[in-house]
Amino acid sequence: MSLRERNKARTLEAIRQAAAELFARQGYAETRTRDIAEAAGIATGTLFNYAPTKEAVVLLLWMDHAQKAVETGLRAAQAASDPVDACVALFHPIFSFYGEDLELGRVFLQHVMFMQSEDPEFRQLNEGFIGQIALLLVPHAGDGALTAAVNVFAAYYTTLTAMLAERLPGVPATEQMFRELVRGQARGWRAPG
C-alpha cells in the first residue's frame, strides 16, 4: 500500500469510528457532519471528499459493518450441515449488528433501501451476497439454489424490518421467525440427484 492509500484508509477508519461513537451517544438526528469531521480530526471539506452527506457517512459505516457481519456469518454457515441452521448462522451476525442499536439500524435500512441501484459497490455487495447464499444452498436445492437464495434473502428482509419496527422482542425472536420462514421454504427445495 502506498502512503497515500494508507492515509486514505486511516481517514476512512477515523470517519467510521467518529460517526459510530457520535451516533451511539447523540443519536443520528442530533449528529451533524461538522461533529463527525471534528471527532475524526479532519476538516469538514475533507469529510465531504469521502462522504458528501450525513447519509453517505451512514452508508460508509453500514458497508463496513455489513461486510464484516457477512464474513463472520459465512464462516459459521459453512460449518452447519442442516441448510436451515446454515441460513440462521449466516444471518445471526447481521441480525445482531442491527439489534445493537435499533434507531441506527432503522437509519441504515432506510438509506440502504433507497440507495441508488446504479451504485456498483452496493450492487456488487448485494448480488455477491445472494450468490454466496445460493452456493451454500446448492447441495440442498440443486438448480433452484439461486431462487432459494433470493427467497431466503426476502425472509431475512421481512424479519429484519419486523425487528426494527419493534414487532419482535430482540434478536432471538427475530432469528426464530427467520428460522420458521426458511424452514417453510426448505420444504420446497429439491436436492440434486
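When a residue number appears, it is its place in the shown sequence, counting from 1. Computation of the quantities below employed the complete heavy-atom set of this structure, encompassing side-chain atoms and omitting hydrogens, waters and symmetry-equivalent molecules.
Under the 4.5 Å side-chain criterion, counting only non-hydrogen atoms from C-beta, Phe23 is not in contact with Asp101. Under the 4.5 Å side-chain criterion, counting only non-hydrogen atoms from C-beta, His65 is in contact with Leu61. The side-chain heavy atoms of Thr158 and Phe153, taken from C-beta on, include no pair separated by under 4.5 Å. At a threshold of 4.5 Å between non-hydrogen side-chain atoms, the residues Gln132 and Val70 count as touching. Counting heavy atoms from C-beta outward, Val57 and Tyr50 have side chains that stay 4.5 Å or more apart. For the pair Asp35 and Gln26, the minimum side-chain heavy-atom distance is below 4.5 Å.
Residues passing the salt bridge (Lys or Arg N to Asp or Glu O under 4.0 Å) test with Arg106 are Glu166, sequence neighbours excluded. By the salt bridge (Lys or Arg N to Asp or Glu O under 4.0 Å) test, Lys68 is found to be paired with Asp64, residues two or more places apart in sequence or in another chain being considered.
Centroid-to-centroid, the aromatic rings of Phe108 and Tyr28 stay 6.0 Å apart or farther. Between Tyr156 and Phe178, a ring centre-to-centre spacing not shorter than 6.0 Å is recorded.
Formation of a donor-acceptor pair under 3.5 Å by the Lys54 side chain with backbone atoms of Arg32 is not found in this model. Looking only at distances, a side-chain donor or acceptor of Thr161 sits under 3.5 Å from a matching main-chain atom of Tyr157.
Hydrophobic clustering keeps Tyr98 apart from Leu181 (ILVMFWY residues linked when any side-chain heavy atoms are closer than 4.5 Å, directly or through intermediates). Grouping the Ile, Leu, Val, Met, Phe, Trp and Tyr side chains by contacts below 4.5 angstrom, directly or via other members, places Val152 with Ile130.
Crowding of Glu5 atom CD: a count of heavy atoms from other residues, nucleotides or ligands under 6.0 Å exceeding 12. Within a 6.0 Å radius of CD in Glu55, more than 12 heavy atoms belonging to other residues, nucleotides or ligands are found.
Residues in residues 167-178 take part in these side chain to side chain donor-acceptor pair (under 3.5 Å) pairs, two or more places apart or across chains: His92-Glu175, Gln176-Glu180.
Going from atom SG of Cys87 over to atom CZ of Arg183 covers 11.5 Å, rounded to the nearest 0.5 Å.
Screening Val58, Leu102, Leu164 against Val107 for a side chain to side chain contact (heavy atoms under 4.5 Å, CB included) leaves a single residue, Val58.
In this structure, Ala40 and Ala18 approach most closely via the heavy-atom pair N-CB, 3.7 Å. Of all heavy-atom pairs spanning Ala149 and Ala134, the tightest one is CB-N, 3.4 Å.
Between the side chains of Asn7 and Arg10, at least one donor-acceptor pair of N or O atoms lies under 3.5 Å.
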